[in-house]
Protein chains: 2
Amino acid sequence: MSSNTRQKMIEITARLVQAKGYHGTSLNEILQKSDAPRGSLYFHFPGGKKTLVLEAMKAGIEEVSTAVKSSMENSDDPAEGVMSNYQVLAQAMKESNYQMGCPVSSVVLDMPDIESELAEICREAYNLWNEVYYGAFVKAGIEPERALRLAKTVQAASEGAILMARSEQSIQPIEDIGKEMADMVSHVAGQKTQQ
Amino acid sequence: MSSNTRQKMIEITARLVQAKGYHGTSLNEILQKSDAPRGSLYFHFPGGKKTLVLEAMKAGIEEVSTAVKSSMENSDDPAEGVMSNYQVLAQAMKESNYQMGCPVSSVVLDMPDIESELAEICREAYNLWNEVYYGAFVKAGIEPERALRLAKTVQAASEGAILMARSEQSIQPIEDIGKEMADMVSHVAGQKTQQ
DNA sequence: CTTACTATGATGACCGGTCTATATTATATG
DNA sequence: CATATAATATAGACCGGTCATCATAGTAAG
């Protein structure tokens with residue numbers, strides 16, 4: 001059977017954590033929105049809140065990862081891939097009323113203790129996403145060192161774009177920044193290719 | 001006399017909110033770290049936590065604002081200004097053990113109710129910082145529309161760089177992204193100037 | 001009868017906020 | 001100069017509510 005209660009809790013937790021951060025999300029609200037009893041939570045997630053949030057983050061990270069991969073792979077021009085990636089992000093934010101953006105950033109800003117398992121998975125997420133960009137850039141002929149910096153920049157700009165979009169309740173920043181970043185990528189790729 | 005208790009509370013709150021977000025910061029901890037009694041808090045900040053955090057954010061926003069202005073004004077080349085700005089950011093993060101970065105981002109990700117006064121000041125902060133970059137870029141001969149997009153991008157990338165630096169506990173991302181952004185700015189400025 | 005899951009509610013810690021009482025300082029008045 | 005008065009600030013007990021956690025019991029299915 002593999003109860004759907006567990007899955008439901010994960011999805012709801014993912015949304016709440018992105019919307020209000022780790023500390024701002026209460027188990028009571030998760031329970032209420034999941035329409036589940038208290039005991040179920042500790043049955044499915046023996047470690048309590050931490051474990052539940054961890055699962056929710058893992059799910060979100062995987063989702064973002066496949067989205068980025070899909071954007072970059074379905075276009076041989078990396079600049080085009082970056083642009084399409086920002087467009088996907090814009091739509092996702094709009095559809096979620098600007099609540100869903102990055103599954104880890106709210107936790108990064110909520111967790112001062114860098115030694116926790118939660119912090120560890122945040123680090124891994126950034127690396128994972130970076131590698132997708134990096135691979136695409138190298139494949140496009142950009143030299144590795146530059147490709148790495150560029151990947152980080154594309155990633156960072158999209159994180160910042162999410163913050164601004166949330167704040168302004170508009171996809172305008174995402175579109176603007178996406179356009180700039182695509183331009184930058186095509187500039188760098190052009191430089192390195194035409195030699 | 002204008003007690004220094006008030007100022008002390010603001011500074012400590014600013015640090016705590018940046019480190020753990022709005023919900024993750026408790027009045028008890030602020031009180032304890034400020035070495036002040038409970039009554040003093042509600043004397044100096046009648047609105048309670050919200051008012052206190054608001055003041056702390058205002059102070060932080062102003063601080064960042066002057067830092068960015070200083071970086072951009074003390075260099076006629078905007079690319080150089082951007083680079084220096086990222087360097088200042090890197091040092092600030094390192095000195096604070098990667099706790100201090102942006103005074104508003106943790107609140108943006110913590111506040112689902114966009115109608116609040118807290119959310120309003122976040123919006124204003126982004127605009128304020130953007131205008132500094134925008135002004136410098138226009139002054140360097142970049143056409144207004146492009147300058148606006150570029151300003152947002154530089155801003156967004158630095159927000160993202162903060163997240164990554166915090167997560168990795170390293171200034172490497174800030175340096176890498178700063179280099180890329182400076183390169184991008186000089187590229188755009190070069191385009192528009194040499195006509 | 002066991003395994004998987006649901007259901008309920010007690011527990012103690014901590015939350016932000018309110019209250020009254022006291023101390024300190026500044027100003028006014030004689 | 002001395003004293004009264006008011007404004008400023010400190011001090012901490014206390015409240016109702018919510019937090020995450022956990023113990024225990026019920027239910028359903030194979």
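Throughout, protein chains are lettered first and strands after them, A, B, ... in sequence-line order, and every chain is numbered starting at 1.
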Fill in the blank from the handout: Letter by letter from the 5' end, nucleotides 22-30 of chain D scores (B base, S sugar-phosphate only, - none; protein heavy atoms under 4.0 Å) B--------

Exercise for the section: For residues 175-185 of chain A, pull every pair meeting side chain to side chain donor-acceptor pair (under 3.5 Å), keeping only residues two or more places apart or in separate chains. Expected result: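 Those involving residues 175-185 of chain A are Gln172(A)-Asp176(A), Asp176(A)-Lys152(B), Glu180(A)-Arg146(B), Glu180(A)-Arg149(B), Asp183(A)-Arg146(B).
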
Mind calculating the distance between [atom1] ([X]) and [atom2] ([N]) to the nearest angstrom?
X: Met9(B); N: dA9(D); atom1: CE; atom2: P; result: 12 Å
X: Leu27(B); N: dG16(C); atom1: CG; atom2: C1'; result: 6 Å
X: Ile30(A); N: dT21(D); atom1: CD1; atom2: C1'; result: 14 Å
X: Leu31(B); N: dG16(C); atom1: CG; atom2: P; result: 10 Å
X: Arg6(A); N: dC5(C); atom1: CZ; atom2: C1'; result: 13 Å
X: Asn4(B); N: dT8(D); atom1: CG; atom2: P; result: 17 Å
X: Phe45(A); N: dT21(D); atom1: CZ; atom2: P; result: 13 Å
X: Gln32(B); N: dA11(D); atom1: CD; atom2: C1'; result: 16 Å

Using atom types as modelled, flag every donor-acceptor pair under 3.5 Å from a side chain in residues 99-114 of chain A to any protein atom, sequence neighbours excluded.
residue   : atom : partner  : partner atom : Å
Gln99(A)  : OE1  : Arg15(A) : NH1          : 3.4
Ser106(A) : OG   : Val17(A) : O            : 3.1
Asp110(A) : OD2  : Tyr22(A) : N            : 2.8
Asp110(A) : OD2  : His23(A) : N            : 2.9
Asp110(A) : OD2  : His23(A) : ND1          : 3.3

Practice task
Look up atom CD1 in Ile162(B) and atom CG in Leu89(B), then write down how far apart they are to the nearest 0.5 Å.
Solution key: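 Going from the CD1 atom of Ile162(B) to the CG atom of Leu89(B) covers 4.5 Å.
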
Which residues satisfy the side chain to side chain contact (heavy atoms under 4.5 Å, CB included) test with [X], sequence neighbours excluded?
X: Asn28(A); value: Ser26(A), Arg38(A)
X: Glu124(A); value: Glu120(A), Ile121(A)
X: Ser75(B); value: Glu80(B)

Closer than 4.0 Å, any side-chain N/O of [X] to the OP1 or OP2 of [N]?
X: His44(B); N: dT10(D); value: yes
X: Thr5(B); N: dT10(D); value: yes
X: Asn28(A); N: dA20(D); value: no

Problem - Enclosure of Asn127(B) CG (heavy-atom neighbours >12, cutoff 6.0 Å) - result: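 More than 12 heavy atoms, drawn from other residues, nucleotides or ligands, come within 6.0 Å of this atom.
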
Practice task
Both distances under 3.5 Å, Watson-Crick or G-U wobble: on that basis, could you give the dot-bracket string for DNA chain D, with [ ] for crossing pairs and | for other-strand partners?
Solution key: ||||||||||||||||||||||||||||||

Handout entry: For Ser40(B), side-chain hydrogen bond (donor to acceptor under 3.5 Å, both in side chains) partners two or more places apart
Key =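 Residues passing side-chain hydrogen bond (donor to acceptor under 3.5 Å, both in side chains) with Ser40(B): none at all.
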
Handout entry: Set of salt bridge (charged side-chain N to carboxylate O under 4.0 Å, His left out) partners for Lys33(B), sequence neighbours left out
Key =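 Salt bridge (charged side-chain N to carboxylate O under 4.0 Å, His left out) check on Lys33(B) returns Glu29(B).
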
Handout entry: Which residues share a salt bridge (charged side-chain N to carboxylate O under 4.0 Å, His left out) with Glu159(B), sequence neighbours left out
Key =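 Listed in chain order: nothing, the list is empty.
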
Let me check something: any side-chain donor-acceptor pairs from residues 52-67 of chain A under 3.5 Å, sequence neighbours excluded? List them with distances.
residue  : atom : partner  : partner atom : Å
Thr66(A) : OG1  : Glu62(A) : O            : 3.4
Thr66(A) : OG1  : Glu63(A) : O            : 2.9

Practice task
Within residues 18-26 of chain A, find the residues that approach DNA chain D with a heavy atom at under 4.0 Å, and present them sorted by residue number.
Solution key: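 Contacting residues: Thr25(A), Ser26(A).
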
Exercise for the section: Quick one: sort the Tyr126(B) and Trp129(B) rings into parallel, tilted or perpendicular, breaks at 30° and 60°. Expected result: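 Answer is perpendicular, since the angle exceeds 60°.
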
Problem - Among dA9(D), dA4(C), dT8(C), the nucleotide that comes nearest once only the side chain of Phe43(A) is considered - result: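 The listed nucleotide nearest to Phe43(A)'s side chain is dA4(C).
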
